[in-house]
Amino acid sequence: QPDRKSREKARIAQIAEDAKAAYNRILAKPTGLLSACSVLNKPRMKAVEKALPTARQICQHLFGNERVTPKFWEDYFTEASNDDFSAGRGPYSGEHANWRPDFEYLLRETTMAKLFDRAMSEDAAA
């Protein structure tokens, strides 16, 4: 019977796969403008892990359950695709002229919280 640690690791790997699939489908070329996330290496797995507390809070808020589902990533990256800066449409200027968001950037807790707040404000205004 797998111990808690290996179950947790498997769960994070599954969440990372879900995130990668949704990101690539919605934001990466050729559909979107961003570079695809091809490999889930250590830094990217770490980024997913660091995003989980925020992702859980958002899931709790939206779905009444803190389980991070493929639907969450679908909704999250769709929201990112509606935001010019997060989707790669800019504007980017000065030293950031050639910078574009990527998988890790969109998993930053500050970025996630900003996009979620933006979505909530727009929903409230609609």
Between OG1 on residue Thr69 and CZ on residue Arg67, distance to nearest 0.5 Å: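 So the gap between those two atoms works out to 8.5 Å.
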Euclidean distance, Trp73 CH2 relative to Ile15 CD1, rounded to 0.5 Å: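 The CD1 atom of Ile15 sits 7.5 Å away from the CH2 atom of Trp73.
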Taking all non-hydrogen atoms of both residues into account, name the closest pair between [X] and [Y] and its distance.
| X | Y | result |
| --- | --- | --- |
| Ala19 | Phe77 | O-CE1, 3.3 Å |
| Leu33 | Ala87 | CB-O, 3.8 Å |
| Met112 | Ala55 | CE-CB, 3.9 Å |
| Glu66 | Gln60 | N-OE1, 3.4 Å |

Any side-chain heavy atom of [X] within less than 4.5 Å of one from [Y]?
| X | Y | answer |
| --- | --- | --- |
| Arg100 | Ser35 | no |
| Lys9 | Ile12 | no |
| Glu104 | Leu107 | no |
| Leu62 | Phe116 | yes |
| Glu49 | Lys46 | yes |

If Ile, Leu, Val, Met, Phe, Trp and Tyr residues are connected whenever their side-chain heavy atoms lie under 4.5 Å apart, and connections chain through other members, are [X] and [Y] in the same group?
| X | Y | result |
| --- | --- | --- |
| Leu40 | Tyr105 | yes |
| Tyr76 | Phe63 | yes |
| Met45 | Val68 | yes |

Any side-chain donor near an acceptor of the partner, Asp75 and Thr78, under 3.5 Å: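 Judged by distance alone, the side chains do not pair up.
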Side chain to side chain donor-acceptor pair (under 3.5 Å) pairs, two or more places apart, involving residues 11-33: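 Qualifying pairs: Gln14-Asp18, Arg25-Glu74.
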Side chain to side chain donor-acceptor pair (under 3.5 Å) contacts in which one or both residues fall within residues 84-98, not counting sequence neighbours: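 Applying side chain to side chain donor-acceptor pair (under 3.5 Å) to every pair that reaches into residues 84-98, excluding sequence neighbours, yields Asp83-Ser86, Asp84-Arg89.
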Backbone of Glu109 reached by a side-chain donor or acceptor of Thr54 within 3.5 Å: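 Not at all, since once roles are kept as given, no pair shorter than 3.5 Å links the two residues.
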Step-by-step side chain to side chain contact (heavy atoms under 4.5 Å, CB included) determination, Asp123 to Met120: CA-CA 5 Å; Asp123 284 355; Met120 291 293 98; 3.8 Å; yes
